[in-house]
Amino acid sequence: MKKIRSIISTFLLSLGILSVSSCYQLFQSRVPLNPEGTDKTLSDIIVDEKEITQLSAPAQIFVSSGTYSDRIKISWTPVKGASSYRLERAIKTPDDTEELSESDFEAIPSSSTNLTSSLYVFENSYTDIILESPSYSSPEYSYTYYYRISAENSFMKYEPSEFLQSEAAVLFSPSKSITATAGESLTEIELSWAKTENASKYNLYRSKESDGVNSILIASLTGNITSYTNTIPESDQGVDFYYYIVAENSFGNKSTLSPLALGYTLVKGAPARVTGVQAETRGNKTNGIDVSWNAVSFGDGTNKSYSIYRSSSTDSSLTLLKTIDAPDSSAPVNFTDTKAIQPNTYYYYRVLALITENTGEGRILKGPLSQSSATDFDPSSKKSMAAEGFILSAPGNIAVNKVENTNTISFSKAIGEQGYPNDSGLYQDYKNFTYKIFAGNDSNDVSTELSVSLSEKDANTYIATVPVYEFYRVQTVNGNTLSNLSPVCAPSPKAAGNASASQHAYISGYTDNASMANANKVYPVKITWSEPEGGASGYYVFRSTKQNSGFRRITDNPVTETEYIDKNDSAKAGTYYYYRVLALNSLNQGSNYSDTVIGYGAITHDQYMREYNKTIQSSQKRLTYMHKTPDTAKIGTETVYGANGGSLYYDAGMSGAVTMRYESYADHFLPGTNKPYFLITGNTNTAIEGNLLAKNGHMNGTVECSSEGMYPGKVKYDNVEIVKGSAGGGYYLITPAGFPEQQVSYTVGNEGW
């Protein structure tokens, strides 16, 4: 919103001198030109007028980073003239190293957690509910969230404000891990936990139940403390306790629960610590993990047994798998874990020995928990003591590509082989696996074994050339042991060809009227392509504001035709959008993208005038005569030149007319290109006609916007009227290339300038 000052006097009109900046800016003040013959001075009839054209951006935006465990609250300073706001969000995961770009931002969709979308927010605040059921394992606790806000008023046809972006925001996360000593002392359980960002207090809870229910608060500690000693009375010696942490921040908000940690004290007469725990299955079995440990001397105890616990690379909590009777032998003890074993997952085992006394109470005497967790290291050798096991697993990340008359298949190395992408790093006993590749033309019968030669695509991936089939599966081989077969995969189709995206184009059914444009007055883009050789089952379409990065898929489901209309709600005038198409197989898999193409939507006739007039307004700032004082000094002739070429000729004389002639004039280049925003040639003239005292006249001239610019077209001024010294009516005739001619009010294009 800017001040507009127009100075028009009867004296200057009688000389035929008009101070012209554009057809509307000259006359819009509508100052009475001394019609009553009063003795007002020139300063008396100078007026300041404020008019909104583009809304201001909010002055500040605030986000509740690290404040809530399940939501982020966003607020911003209200904007005068705004009827609603558009709020957009971008999410960065820990492995996303690309710079944040405009294409990363999207309006927050309505859902069971966010009941309303953020397309139209009517207050100056919004609550983004990230998690409906928070859990310490929720990946959202590792994400970073960014927001940006724009003020809007489509009813008044104001241009939306520029976006104002927030600082990074995160959820208030729970402590990621907590440990408790188990059988290390007769009287104490030592607890420690990972520090939580933004925590001012830790609330420590204890339960006798393995799921943490019926817990009691045993301590509240300041945020700089990450350990605690829980003193256990003799009556509770040997009792299993399960501990968890709830962090609290300075706002009084609490985190969700941390993982559970098992702890207990030693009881006199309890057996010794179990040693030598090993997971003997390390890629040599497919249906369970064998665990062994050294037998413990139970002394004279009876009812001897072992309890086996497990954690994994995906969950650090200890789970009791089973309690088994101890054999009457000094030989190592064996156990096979078959409980929901998942491929490509590390499992860790801890074991304790226990005696159940033959008393009325049946008191249990438990020895210390073995030192065989993922974090246990031998203090002298610094080597891992973890009982780490895993089953032989089929490889992941399988991709098949069509190449000429053959296909190539690539896949990640399987767990246990050097180069496995998620290697724990605890052991170096890597296996030398081989792989079998099967093929078939029926997804239910992929059984033809292929004879192929593998080579390393990179340190983590194998690649091979294979005969042409419709479907493939891969199997890992470790000696005589075969993994389960991988899921069925199909060749990725070749890249879609002849990709193109419309630029400022008329699209029947989508640009027929202004209501089809988005809030920024930008119409959709039509993307087309040709079917690749060999065909495709469908396509995904991707968009970015960068040519080589930041692409986001904009089609939720595969497109089955070879065209797509992108109704981009956030598209803005003057912005290039980059598109590429991914051809898909029958399993909705693909890896070959089309060429990247540039597309951008046409703009409404009103918006065309606004964008075009930015060059007109910029050009007139270069003139000197029209800005001189006193007003008689405005008479003269000059030529000025565009920042990026061309000229503007100005001639104001005694004839009652001002001539302004553009020749291939350009001020602005599109960012990163040598393409002018508007390249214009033509006249924007003003003439006073008839009775000078009546001060009536008109604008005249036509400006051609070259196809070298972003929005070619034509602007005609002949129907803009001057009535009693002011722009009192009329319209432009706007003809964007490919569109029908349309009248646009003379008031459009100068709002707020």
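- With R148 contributing its side chain and A90 its backbone, the two residues share no donor-acceptor pair below 3.5 Å.
- Atoms CG and CD1, on L260 and I178 in that order, are 8.5 Å from each other to the nearest 0.5 Å.
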Chi angles and distances behind the side-chain hydrogen bond (donor to acceptor under 3.5 Å, both in side chains) call for E188, T231
CA-CA 5 Å; E188 296 175 341; T231 302; 4.6 Å; no

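- You'll find the side chain of I74 reaches within 4.5 Å of the side chain of L87, heavy atoms only.
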Test L266 against Q237 for side-chain contact (heavy atoms from CB on, under 4.5 Å), laying out the working first.
CA-CA 6 Å; L266 200 62; Q237 285 183 346; over 6 Å; no

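- With T476 as reference, S483 is the one residue of P343, S483, S393 to meet the side chain to side chain contact (heavy atoms under 4.5 Å, CB included) rule.
- A donor-acceptor pair under 3.5 Å is formed between the side chain of S118 and the backbone N or O of I108.
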Criterion ring pair (Phe, Tyr, Trp, His ring centres under 6.0 Å) on Y306 and W293, from CA distance to verdict
CA-CA 10 Å; Y306 296 99; W293 57 89; 5.4 Å; yes

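- Within the 4.5 Å cutoff, side-chain heavy atoms of V246 are placed close to those of K254.
- Residue N432 qualifies as open at atom CG: its count of foreign heavy atoms under 6.0 Å is 12 or below.
- Between the CD1 atom in I289 and the CZ atom in F335 there is a gap of 10.5 Å [rounded to 0.5 Å].
- Across every non-hydrogen atom of Y349 and A279, the tightest pair is CD1-CB, 4.3 Å.
- Other residues, nucleotides and ligands place no more than 12 heavy atoms under 6.0 Å from the CZ atom of F251.
- Considering all non-hydrogen atoms of both residues, G66 and N198 come closest at CA-ND2, 3.2 Å.
- Side-chain contact, D376 with S373: a donor N or O sits under 3.5 Å from an acceptor N or O.
- A donor-acceptor contact shorter than 3.5 Å is absent between the side chain of S316 and the backbone of S177.
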Check step by step if side-chain hydrogen bond (donor to acceptor under 3.5 Å, both in side chains) holds for S412 and T461.
CA-CA 4 Å; S412 297; T461 310; 4.8 Å; no

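- Between the side chains of N478 and T481, not a single donor N or O lies within less than 3.5 Å of an accepting N or O.
- Salt bridge annotation for E456-K413: present, with a cationic side-chain nitrogen under 4.0 angstrom from a carboxylate oxygen.
- Between the side chain of S215 and the backbone N or O of S207 there is no donor-acceptor pair closer than 3.5 Å.
- The aromatic rings of F122 and Y120 lie parallel to each other, their planes meeting at an angle below 30°, with 60° marking the opposite boundary.
- A donor-acceptor pair is defined here as one N or O able to donate and one able to accept, closer than 3.5 Å; no such pair exists between the side chain of S75 and the backbone of S125.
- N203 and E248 form a side-chain donor-acceptor contact under 3.5 Å, judged by distance and modelled atom types alone.
- Residues N460 and Y420 have side chains that never bring a donor and an acceptor to within less than 3.5 angstrom of each other.
- Under the 3.5 Å distance criterion, with hydrogens and angles disregarded, no donor-acceptor pair is assigned to the side chains of Y202 and N224.
- At distances below 3.5 Å, at least one donor-acceptor pair connects side-chain atoms of T77 with backbone N or O atoms of A59.
- Taking the six-membered ring where the residue is Trp, the centroids of Y85 and W76 are separated by under 6.0 Å.
- The nearest pair of heavy atoms linking D70 to P134 is CB-CG, 3.8 Å.
- Ring centroids of Y309 and Y348 are separated by 6.0 Å or more, keeping the two rings apart.
- Nearest heavy-atom pair across S133 and S138 is O-OG, 4.4 Å.
- The shortest side-chain heavy-atom distance between M385 and F377 does not fall under the 4.5 Å cut-off.
- Here R86 pairs with E88 in a salt bridge; the nearest charged N to carboxylate O distance falls below 4.0 Å.
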Under 3.5 Å, side-chain donor or acceptor atoms of residues 318-331 against the rest of the protein: list the pairs with distances, not counting sequence neighbours.
| unit_1 | atom_1 | unit_2 | atom_2 | d |
| --- | --- | --- | --- | --- |
| T323 | OG1 | S307 | OG | 2.7 |
| D328 | OD1 | K304 | NZ | 3.4 |
| S329 | OG | A331 | N | 3.0 |

Return a table of donor-acceptor pairs under 3.5 angstrom between the side chains of residues 165-173 and protein atoms on other chains or two or more places apart.
| unit_1 | atom_1 | unit_2 | atom_2 | d |
| --- | --- | --- | --- | --- |
| S166 | OG | Y147 | N | 3.0 |
| S166 | OG | Y147 | O | 3.2 |

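- Between the CG atom in D569 and the OG atom in S117 there is a gap of 9.0 Å [rounded to 0.5 Å].
- Among T181, N230, T229, the single residue meeting the side-chain hydrogen bond (donor to acceptor under 3.5 Å, both in side chains) criterion with E190 is T229.
- Y243 and Y205 have their aromatic ring centers separated by at least 6.0 angstrom.
- In this structure, R71 does not pair ionically with D128, as no charged nitrogen and carboxylate oxygen lie closer than 4.0 Å.
- Across G212 and Y244, no two heavy atoms sit closer than the pair O-CE2, 3.8 Å.
- For the pair R553 and F542, the cation-pi test (distance below 6.0 Å, angle within 45°) is failed.
- Remark: K208 fails to qualify as a cation-pi partner of Y242 under the 6.0 Å distance and 45° angle criteria applied to the six-membered ring.
- Defined by atom type and a distance below 3.5 Å, a donor-acceptor pair is present between the side-chain atoms of N294 and T275.
- Looking at S255, its side chain does come within 3.5 Å of a backbone N or O of A247 through a donor-acceptor pair.
- Remark: I130 CD1 to E140 CD distance equals 7.5 Å, nearest 0.5 Å.
- Shortest non-hydrogen contact noted between G389 and R282 is N-NH1, 4.3 Å.
- Using a 4.0 Å cut-off between charged side-chain N and carboxylate O, E184 and R273 make a salt bridge.
- Checked by atom type, the side-chain pair T67/N253 shows no donor-acceptor distance below 3.5 Å.
- The shortest side-chain heavy-atom distance between Y228 and I218 falls under the 4.5 Å cut-off.
- Judged purely by distance below 3.5 Å, without hydrogens or angles, the side chains of Q428 and Y430 pair a donor atom with an acceptor atom.
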For side-chain contact (heavy atoms from CB on, under 4.5 Å), just list the numbers for I189 and F241, CA-CA rounded to whole Å, side-chain angles, deciding distance to a tenth of an Å, and then say yes or no.
CA-CA 9 Å; I189 297 175; F241 290 111; 4.1 Å; yes

Are N588 and Y540 close enough, and set up right, to give a side-chain contact (heavy atoms from CB on, under 4.5 Å), and what steps lead you there?
CA-CA 9 Å; N588 290 341; Y540 285 142; 4.3 Å; yes

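- Residues R89 and E106 are not paired through a salt bridge, judged by the lack of any N-O separation under 4.0 Å between the basic side chain and the carboxylate.
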Going through the checks in order, is the side-chain contact (heavy atoms from CB on, under 4.5 Å) test met by Y126 and K73?
CA-CA 6 Å; Y126 185 89; K73 291 187 176 182; over 6 Å; no

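- To the nearest 0.5 angstrom, T286 atom OG1 is 5.5 Å from N484 atom CG.
- Atom OH of Y435 sits about 13.0 Å away from atom CG of L482, to the nearest 0.5 Å.
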